[in-house]
Structure formats: structure tokens, C-alpha cells
Amino acid sequence: MKRCLQTLLVAVCFLFTTSVVGWAAQFIPLGFWGIFGVASGILAAGLILSLTCRRKKSVKLVSIAVNAVAMGFYLRSWYINRGFDNALWLMLCVSLLAAAYLFIFILPLYIDAINRHYGWYLLVFTVLSVAGYVCLVVLTKTTWVSTLGYYGLLQLGFIMTMSMDGSNRLKLYNSWQVASYTVAVCAVIILIIVLGGDAAGDFLDGFSGGGGGKSSGISSPRQPKPKNEAESFIKPM
């Protein structure tokens with residue numbers, strides 16, 4: 001339970017940092033490529049730092065924070081490209097909604113029957129998450145703010161890495177660090193949409209959240225105990 005709650009806390013802090021940076025970056029007088037370049041430079045600096053000091057736990061935490069800042073700038077570049085803004089309160093609310101997604105994943109693990117079949121549960125949860133989100137976008141005919149789509153992808157990164165070995169603090173930090181590099185996936189998606197034109201943008205926007213939305217084994221992070229013991233969601237773009 002401790003590991004799950006710690007991961008949830010780190011994920012929430014990551015999203016909150018991204019939201020604050022993404023909002024504050026609007027005051028930097030740069031265009032899309034300038035902000036995207038700043039984000040890429042920050043991401044590269046964090047990667048270099050983590051590679052040169054890979055055994056230091058404190059550096060791993062710093063690199064996670066650096067990746068959150070990089071994601072904030074990537075998000076701002078996306079807003080510039082789409083020509084819209086989200087208020088800070090809205091971005092923070094979307095952060096909490098995305099965190100709820102991770103909480104919903106963790107909660108069933110406290111049912112022993114599900115926890116014993118963690119690999120199947122992870123697969124089913126991931127497939128249903130993607131299918132459910134796509135169906136929601138199609139059936140409601142609405143455009144969801146892209147922030148939710150990107151934040152959901154970041155949370156999926158934390159979910160996927162929770163099956164990594166977290167038997168000690170260094171390994172636990174490693175899993176969080178790997179999850180934080182889902183930022184690079186978001187950056188690639190943004191770049192593909194911007195460079196790919198309207199056709200690629202429409203496809204990826206609808207799939208990943210709409211509207212800009214444009215949006216050796218597997219083991220459970222919960223180890224069993226020993227036997228002896230508003231605008232938020234709809235914004236046309």
C-alpha cells in the first residue's frame with residue numbers, strides 16, 4: 001500500500017508542477033518553436049544529469065521534477081500552436097481528474113483475487129481505458145481539452161512502470177524516473193501533429209483526447225502480507 005500511495009503522490013506533484021509551469025510560460029514572449037526548443041533543452045539537460053549521476057537518489061528526484069517542468073513547456077507550445085489557453089485552476093482540476101485515473105487503477109489491487117492476476121488486470125485496464133476514452137469522444141461528439149489527453153498518457157506511464165521492481169528506494173525512484181520520461185512521448189505526438197498537418201492532427205487529436213485533446217516478468221506493486229501477519233472538459237478548438 002505504501003508504494004502505491006507514494007506513486008500516486010509523486011504523480012500528482014508531477015502533474016501540478018506541469019500545470020503551473022505550463023500556465024506561467026505564457027508570460028515568456030516566444031513562439032511555438034521557441035517554447036518547444038526550451039522544453040527539449042530542459043528535457044535533454046535532465047537526461048544528461050540522470051545519466052551522469054545515476055546512482056544518486058536525490059538526482060533521480062531532481063530529474064523527475066525537471067521532466068515535469070519540460071512537460072509544462074511542451075504543453076505551452078501546444079497551446080500556442082492551437083491558439084488557446086486554459087486557466088490555472090482548470091489545469092489543476094484536470095490534474096486531479098487524471099490522478100483519479102491512477103487511483104482507480106490502484107484501488108482494485110487491494111482485492112486479493114485481482115492482485116494475484118496482476119498481469120491480466122494491467123492488460124485489461126489498459127485496453128478498456130483506451131477503448132472507453134475513444135468511445136466517449138466519438139459518442140459525445142465533443143472536443144475534450146488536450147490537457148486531459150496528455151495528462152492521461154503521463155499517468156499511464158506511471159501505471160506501466162508500477163510493475164517494475166520497487167523492493168528498495170533506489171529501484172522505486174528508478175520506476176518513477178522511467179515513468180516521467182513519458183514526457184518524450186507527448187513531445188513526439190505534439191511534433192507529429194504540428195508537422196503532419198491537418199490530417200494527422202485530426203486523427204491524433206480525436207484519438208488521444210480530442211480537441212486538441214487532443215488529448216523479465218510483471219509483478220504487482222502491492223505485495224501481499226505474510227500469512228503470519230468545467231471548461232475543464234469541453235472546449236471546441
Side-chain angles (χ1 to χ4, degrees), residues 1 3-12 14-15 18-19 71 75 78 91 93-166 175-176 178-190 192-193 200-224 230 232-235:
M1 178 177 182
R3 179 186 176 185
C4 293
L5 293 179
Q6 286 176 332
T7 300
L8 179 61
L9 178 61
V10 170
V12 170
F14 189 94
L15 294 181
T18 292
S19 294
M71 184 62 208
L75 198 60
W78 172 254
M91 297 172 71
C93 286
V94 174
S95 298
L96 290 176
L97 184 60
Y101 169 67
L102 178 55
F103 180 75
I104 290 172
F105 171 80
I106 292 174
L107 202 56
L109 295 178
Y110 292 90
I111 302 174
D112 288 337
I114 294 178
N115 191 61
R116 285 196 299 268
H117 300 88
Y118 176 75
W120 284 108
Y121 171 66
L122 176 62
L123 176 62
V124 171
F125 185 89
T126 302
V127 171
L128 290 180
S129 296
V130 174
Y133 197 72
V134 172
C135 288
L136 184 62
V137 171
V138 172
L139 293 177
T140 58
K141 303 294 183 182
T142 61
T143 54
W144 288 61
V145 291
S146 54
T147 309
L148 181 61
Y150 290 124
Y151 282 6
L153 184 58
L154 291 169
Q155 293 297 75
L156 187 59
F158 280 99
I159 287 174
M160 299 301 292
T161 56
M162 284 178 70
S163 60
M164 295 174 59
D165 185 4
S175 68
W176 294 341
V178 171
S180 72
Y181 280 104
T182 309
V183 168
V185 178
C186 295
V188 170
I189 292 175
I190 292 172
I192 289 175
I193 294 175
D202 291 342
F203 172 77
L204 287 175
D205 288 350
F207 180 79
S208 65
K214 287 238 142 258
S215 138
S216 39
I218 295 178
S219 61
S220 168
R222 184 181 82 84
Q223 299 302 322
S232 122
F233 312 118
I234 301 178
K235 185 175 181 69

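If you take CG on Leu107 and CG on Leu102, they are separated by 11.0 Å, rounding to the nearest 0.5 Å. Taken from CE in Met71 to CD1 in Ile190, the straight-line distance is 5.5 Å, to the nearest 0.5 Å. A distance of 4.0 Å separates CH2 of Trp78 from OH of Tyr150, quoted to the nearest 0.5 Å.
Residues Ala99 and Leu8 come closest through the heavy atom pair O-CD1, 3.7 Å. In terms of heavy atoms, Pro108 sits closest to Ile114 at O-CB, 3.6 Å. Looking at every heavy atom in both residues, Tyr118 comes nearest to Ile159 through OH-O, 4.0 Å. Among all heavy-atom pairs drawn from Gly152 and Tyr101, the shortest one is O-CE2, 4.1 Å. Taking both residues in full, the closest heavy atoms of Gly157 and Thr182 are given as CA-OG1, 3.5 Å, listed atom of the first, atom of the second, then distance. Of all the heavy atoms in Thr18 and Leu75, the pair that sits closest is CG2-CD2, 4.4 Å.
Other residues, nucleotides and ligands contribute at most 12 non-hydrogen atoms within 6.0 Å of the CZ atom of Phe103.
Among residues two or more places apart in sequence or in another chain, the ring-ring contact (aromatic ring centres under 6.0 Å, His included) test is passed with Tyr121 by Phe105, Phe125. Listed by chain and residue number, Ser19 satisfy the side-chain hydrogen bond (donor to acceptor under 3.5 Å, both in side chains) test with Ser95 (two or more places apart in sequence, or in another chain).
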* Step by step, work out the side chain to side chain contact (heavy atoms under 4.5 Å, CB included) result for Thr126 and Met160. => CA-CA 9 Å; Thr126 302; Met160 299 301 292; 4.1 Å; yes
* Can you list the steps and then say if Thr7 with Ile106 is a side chain to side chain contact (heavy atoms under 4.5 Å, CB included)? -> CA-CA 10 Å; Thr7 300; Ile106 292 174; 5.5 Å; no
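Side-chain contact between Tyr181 and Thr161 is absent, with no heavy atoms from C-beta onward closer than 4.5 Å. Looking at Gln155 and Leu15, their side chains come closer than 4.5 Å, going by heavy atoms from C-beta outward. The closest side-chain heavy-atom distance from Leu97 to Leu148 is below 4.5 Å.
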